Amino acid sequence: MKVIIVENYEEMSEVACEIIAEQIKEKPNSIIGLATGSSPVRTYELLIEEYQKKEISFKDVTTFNLDEYIGLDYDHPQSYHYFMNDVLFSKIDIDLNNTNFPDTIGDLDVNVAAYNKKLYENQIDLQLLGIGSNGHIAFNEPGTSFDSETHVVELTKETKEDNKRFFNSIEEVPTTALTMGIKSIMNAKKILILASGLNKAQAIKELLEGIETTDLPASILMSHPEVILVCDEASASLLEDVEEAVE
Ligand code: GLP
């Protein structure tokens with residue numbers, strides 16, 4: 001794992017934007033895995049700027065999103081479909097037919113099989129990830145098998161607490177979601193993971209201690225051949241020996 005420690009969220013976003021833009025320039029029909037949450041928001045804004053400057057085009061890009069809440073319509077402002085359209089897709093030249101999500105409306109078994117099939121047929125070139133304060137990736141909560149594919153998850157109390165800031169109250173936070181599994185995430189050719197803020201510091205410390213355990217879903221990333229972790233100083237603040245952690 002290559003670790004890049006930067007000063008703050010803005011710098012983290014600049015590094016992430018550069019890596020994604022580079023990927024699209026090198027391979028205009030890249031398949032990119034996208035994440036939601038606050039970590040990538042500024043990265044998406046900077047990518048929109050790159051698009052506006054005509055540095056990159058998304059017209060041949062295909063995207064796969066990591067997860068979606070069960071129980072929210074796609075026009076609900078907190079659904080991940082809405083979020084992606086709002087923060088990125090509506091502001092770039094991507095063909096919406098090339099954007100993919102785990103589908104939570106309709107028969108979930110059918111939708112799960114369909115998403116796994118698509119993921120088998122389309123190896124992700126670059127997967128963008130955030131990390132939960134409990135070390136989850138996508139909505140793969142602690143205890144999830146490293147062999148998991150797309151599946152329904154029961155969100156942990158911690159995740160609901162973390163995400164309640166987007167809702168009026170914790171009661172409104174959905175209790176279940178559909179998520180890409182850890183095996184599918186690990187199948188990406190390259191992974192870019194972003195961490196910002198003090199509430200991620202414990203998870204980042206445990207991740208870089210290098211012990212592979214399903215208690216910390218992100219720990220599996222250490223065994224992937226091409227991962228870049230970009231973290232700000234706050235999320236890196238519990239690293240005692242930063243030198244050692246940085247490749
Ligand atoms: C959410 C998402 C994850 C995201 C994580 C961190 O629960 N399902 O994909 O990486 O939480 O979110 P944030 O970036 O807002 O801290």
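Whatever order the structure lists ligands and atoms in, that order sets their numbers, starting from 1. For this chain, numbers begin at 1 and follow the sequence in order. Computation of the quantities below employed the complete heavy-atom set of this structure, encompassing side-chain atoms and omitting hydrogens, waters and symmetry-equivalent molecules. Please read these numbers as outputs of a predicted model, since none were measured by experiment.
Of all protein heavy atoms, the one closest to atom 11 (O) of ligand 1 is His136 NE2, 3.4 Å. Atom 13 (P) of ligand 1 has as its closest protein heavy atom Ser38 N, 3.5 Å. Considering only non-hydrogen protein atoms, atom 6 (C) of ligand 1 sits nearest to Ile131 O, 3.6 Å. Of the protein's non-hydrogen atoms, the one nearest atom 14 (O) of ligand 1 is Ser39 OG, 2.5 Å. When hydrogens are left out, the protein atom nearest atom 7 (O) of ligand 1 is Phe139 CE2, 3.0 Å; that is the closest non-hydrogen contact. For atom 4 (C) of ligand 1, the closest heavy atom belonging to the protein is Thr36 O, 4.1 Å. Scanning the protein heavy atoms around atom 12 (O) of ligand 1, the nearest turns out to be Gly37 CA, 4.0 Å.
Between Lys189 and Glu226 there is no salt bridge, since none of the side-chain N atoms of the basic residue sits less than 4.0 Å from a carboxylate O of the acidic one. Checked for salt-bridge contact, Lys164 and Glu161 meet the test: a charged N lies under 4.0 Å from a carboxylate O. The existence of a salt bridge linking Glu45 and Lys91 is excluded, since no basic side-chain nitrogen approaches an acidic carboxylate oxygen closer than 4.0 Å.
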Audit row: Glu49, Lys53, salt bridge (Lys or Arg N to Asp or Glu O under 4.0 Å) steps and yes/no: CA-CA 6 Å; Glu49 286 175 22; Lys53 286 189 277 177; 5.4 Å; no
Using side chain to side chain contact (heavy atoms under 4.5 Å, CB included), reason through Tyr69 and Thr36 one step at a time and then give a plain yes or no. CA-CA 11 Å; Tyr69 288 118; Thr36 51; over 6 Å; no
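Nearest approach of Ser196 to Tyr9, heavy atoms of both residues: OG-CD1, 3.6 Å.
The environment of NZ in Lys59 is sparse: at most 12 heavy-atom neighbours from other residues, nucleotides or ligands sit within 6.0 Å. More than 12 heavy atoms of other shown residues, nucleotides or ligands fall within 6.0 angstrom of atom CD in Glu10.
Close to ligand 1: Ala138, with a non-hydrogen atom less than 4.0 angstrom away.
Here is the list of ligand 1 atoms found below 4.0 Å of a heavy atom in Tyr80: 1 (C), 2 (C), 8 (N). Distances below 4.0 Å separate heavy atoms of Asp67 from the following atoms of ligand 1: 2 (C), 8 (N), 9 (O). Counting atoms of ligand 1 from 1 in the listed order, those under 4.0 Å from a heavy atom of Gly130 are 10 (O).
Once rounded to the nearest 0.5 Å, the distance linking OG1 of Thr213 with CZ of Phe146 reads 6.0 Å.
Checked by distance only, ligand 1 and Arg165 come closer than 3.5 Å through their nitrogen or oxygen atoms. Polar contact with ligand 1: present for Lys200 (N/O pair, distance under 3.5 Å).
The side chain of Asn163, and not its backbone, has at least one atom closer than 4.0 Å to an atom of ligand 1 (non-hydrogen atoms only; side chain from C-beta on).
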